[in-house]
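This report refers to the structure that appears directly beneath it.
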Protein chains: 2
Amino acid sequence: MTQTILSESQQDYLKIVLDLINEKKVARIKEIARRKGVSMPSVTEAMRKLSKEDFVQYSVREFVELTPAGETAAHRLSSKNMFLKNFFIDVLGIENSIAEKEACELEHHLSVATLDRLILLYQFLSECKKNDQLTLHLLKNCVRSAEGMSEIDPECKSCFVTSNFPHQMGKSTVHTLLAKLNRGQKGQVVMLGPDTELRRRIIEKGLLPGSAFVLEEKGDAESPYRILSDGCSVELDIKAANMIEVAIEQSN
Amino acid sequence: MTQTILSESQQDYLKIVLDLINEKKVARIKEIARRKGVSMPSVTEAMRKLSKEDFVQYSVREFVELTPAGETAAHRLSSKNMFLKNFFIDVLGIENSIAEKEACELEHHLSVATLDRLILLYQFLSECKKNDQLTLHLLKNCVRSAEGMSEIDPECKSCFVTSNFPHQMGKSTVHTLLAKLNRGQKGQVVMLGPDTELRRRIIEKGLLPGSAFVLEEKGDAESPYRILSDGCSVELDIKAANMIEVAIEQSN
DNA sequence: TAAATTAGTTAGGCCTGCCTAATTTACCAA
DNA sequence: TTGGTAAATTAGGCAGGCCTAACTAATTTA
């Protein structure tokens with residue numbers, strides 16, 4: 001596996017292409033240029049280069065498509081971005097549009113090790129939600145409010161964590177393990193389990209708390225689970241699938 | 001004030017120069033090159049450019065010095081770096097050398113707004129230390145340990161926050177406000193107060209939790225406090241000085 | 001004090017990632 | 001079927017931040 005190193009800019013291109021394909025089915029040079037804020041010739045050039053290194057499939061005057069390698073890279077970046085943004089909004093209480101910008105700035109520079117720890121912190125606060133409202137109130141007041149530090153706001157209703165999750169958005173959900181889902185079921189990752197080694201492998205595949213997905217193929221001891229997240233296919237062995245807590249919509 | 005924008009690389013150079021001046025009194029081309037991992041001609045060129053824009057004072061074959069503008073920029077970056085590193089180590093439990101590298105990666109891309117929130121989070125955990133050991137234990141177990149998530153380690157002795165502070169390093173300290181110190185006293189910033197506007201101004205000056213300093217000039221309603229931190233002079237009005245909690249060594 | 005060593009500079013190049021201007025292609029509509 | 005228009009490409013340039021090779025200045029050291 002020749003690990004070609006993608007520059008930040010190249011990764012951005014891949015992410016934009018992925019987004020466009022998910023949103024509009026096809027990725028055109030012009031739209032890529034618009035989103036990246038560069039001129040069309042710059043995009044043409046970049047696509048040519050990415051296609052030479054086999055991250056996109058592209059020939060003159062055709063739509064841009066992602067190769068599996070490109071999809072992997074794009075998805076990785078994209079999910080990091082999503083998580084960071086949620087972290088900033090949910091934990092640090094940063095305003096949406098700023099959080100978005102900040103996430104784009106930082107996504108390239110955050111190592112998996114650190115990301116892992118941030119995820120754990122995020123998960124810790126999720127746990128607190130269940131049994132330690134007081135601490136959360138305090139945290140909210142400290143971190144979020146302008147005049148923090150001393151008073152508790154008893155009116156604090158919104159929660160810190162997972163506010164972008166479906167169950168925070170008016171839908172009623174239940175939690176279960178990914179391994180228990182059936183083919184075709186949709187869900188959203190809530191929590192990754194404790195095994196560090198395994199957790200990192202999952203993180204590297206771009207499956208982070210907040211990732212929405214559909215189960216495409218239910219695996220077993222032999223064959224892997226295959227899920228579709230962000231338009232990208234991700235394979236997980238059963239051990240990993242048993243370590244991922246997910247939220248699914250209540251079926252009643 | 002013509003806000004010349006410094007590139008990342010240029011900021012790095014300034015920080016390295018500051019470090020060298022603090023450590024070895026003078027900054028030589030060769031040593032800058034070594035630390036930055038570039039060749040000497042690259043440094044010469046960079047210094048020439050920085051000197052043209054008045055961030056360093058430099059003429060051929062002489063030592064490099066920082067101008068006030070350069071010092072400000074360097075100090076800002078440097079303190080951001082220190083804080084991030086501490087945050088990674090103390091809160092996220094990341095291993096020292098990785099934390100250091102990660103801090104260097106991220107320091108350029110973290111906005112003051114986000115930095116502010118991270119500082120508040122850090123301070124929140126400091127507060128917890130006083131009255132909520134249980135939550136900290138949980139957090140420690142969740143975020144730091146490999147097998148997190150479920151068990152509480154009753155043996156957890158080290159604390160999360162401020163472990164790089166003098167009082168964590170075997171020295172006995174007391175906390176007070178910066179405004180109350182006398183000229184010549186040394187201290188370390190522990191906490192910034194609640195006023196967001198003011199707090200940001202302080203953060204922008206590079207005075208963050210963890211910053212060590214000496215009070216050079218005690219101010220009053222008229223004249224500012226002047227402190228020396230990291231070899232850089234920082235001025236604060238009395239309002240700011242009253243908002244900064246510091247640790248000083250016990251004088252007994 | 002002359003040779004050797006080390007630090008720093010000059011000159012010339014390279015690569016990335018952009019740009020503008022001019023041209024080509026593709027498609028749509030009359 | 002023929003313009004017209006929009007999308008994309010080609011060509012040529014530029015700046016930042018690096019590099020190597022060759023040279024010069026300053027400092028040892030013998």
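Residue numbers start from 1 in every chain, and the chains themselves are labelled A, B, ... in the order their sequence lines are given, proteins ahead of strands.
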Which residues pass the side-chain contact (heavy atoms from CB on, under 4.5 Å) test with [X], sequence neighbours left out?
| X | answer |
| --- | --- |
| B/V112 | B/R200, B/I203, B/E204 |
| A/E23 | A/D19, A/R35 |
| B/E100 | B/K85 |

* Is it true that B/R183 and B/E217 have a side-chain N and a carboxylate O under 4.0 angstrom from each other? ->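 Looking at B/E217 together with B/R183, the answer is yes, because their closest N to O distance falls below 4.0 Å.
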Do any of [range] sit with a heavy atom less than 4.0 Å from DNA chain C, and if so which?
| range | result |
| --- | --- |
| residues 41-48 of chain A | A/P41, A/S42, A/E45 |
| residues 100-110 of chain B | none |
| residues 10-28 of chain A | A/Y13 |
| residues 29-37 of chain B | B/I29, B/K30 |

* Asked: Would you say B/S7 reaches D/dG17's phosphate, i.e. side-chain N/O to OP1/OP2 under 4.0 Å?
  -> yes
* Any B/S9 side-chain N or O less than 4.0 Å from OP1/OP2 of D/dC18 -> yes
When the distance from [atom1] of [X] to [atom2] of [N] is rounded to whole Å, what number comes out?
| X | N | atom1 | atom2 | value |
| --- | --- | --- | --- | --- |
| A/E8 | C/dC15 | CD | P | 21 Å |
| A/M40 | C/dA26 | CE | C1' | 13 Å |
| B/K49 | C/dT9 | NZ | P | 15 Å |

From [X] atom [atom1] to [Y] atom [atom2], the distance as rounded to the nearest 0.5 Å:
| X | Y | atom1 | atom2 | value |
| --- | --- | --- | --- | --- |
| A/F55 | A/L6 | CZ | CG | 4.0 Å |
| B/Q123 | B/L208 | CD | CG | 10.0 Å |
| B/M243 | B/I202 | CE | CD1 | 4.0 Å |
| A/I244 | A/K239 | CD1 | NZ | 13.0 Å |
| A/L66 | A/I21 | CG | CD1 | 4.5 Å |

Under 3.5 Å side-chain donor-acceptor pair for [X] and [Y]:
| X | Y | value |
| --- | --- | --- |
| B/K36 | B/S9 | yes |
| A/T67 | A/Q57 | no |
| A/H109 | A/E8 | yes |

* Asked: Which residues in residues 57-65 of chain A have at least one heavy atom lying under 4.0 Å from any atom of DNA chain D?
  -> A/Y58, A/V60, A/R61
* To do: Would you please indicate yes or no on a ring centroid separation below 6.0 angstrom for B/Y122 and B/F83?
  =>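 That pair passes the under 6.0 Å test.
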* Which nucleotide sits closest to the side chain of B/S39: D/dG17, C/dT20, D/dC19? ->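 Minimum distance to the B/S39 side chain belongs to D/dC19.
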* Sequence-distant partners of B/E216, salt bridge (Lys or Arg N to Asp or Glu O under 4.0 Å), two or more places apart ->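 Scan of B/E216 (salt bridge (Lys or Arg N to Asp or Glu O under 4.0 Å), adjacent residues dropped) gives B/R226.
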* Asked: side-chain hydrogen bond (donor to acceptor under 3.5 Å, both in side chains) with B/E95: which residues, sequence neighbours excluded?
  ->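 Counting only residues at least two positions away or on another chain, B/E95 forms a side-chain hydrogen bond (donor to acceptor under 3.5 Å, both in side chains) with B/S97.
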* Main-chain N/O of B/E31 paired with B/K24 side-chain donor or acceptor, under 3.5 Å -> no
* **Secondary structure string for DNA chain D (Watson-Crick or G-U under 3.5 angstrom, | for other-strand pairs)** => ||||||||||||||||||||||||||||||
* Closest non-hydrogen atom pair between B/L18 and B/D230, with its separation -> CD1-O, 3.7 Å
* To do: Can you tell me which residue pairs pass the side-chain hydrogen bond (donor to acceptor under 3.5 Å, both in side chains) test with a partner in residues 37-56 of chain B, sequence neighbours excluded?
  =>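 Qualifying pairs: B/S39-B/S42.
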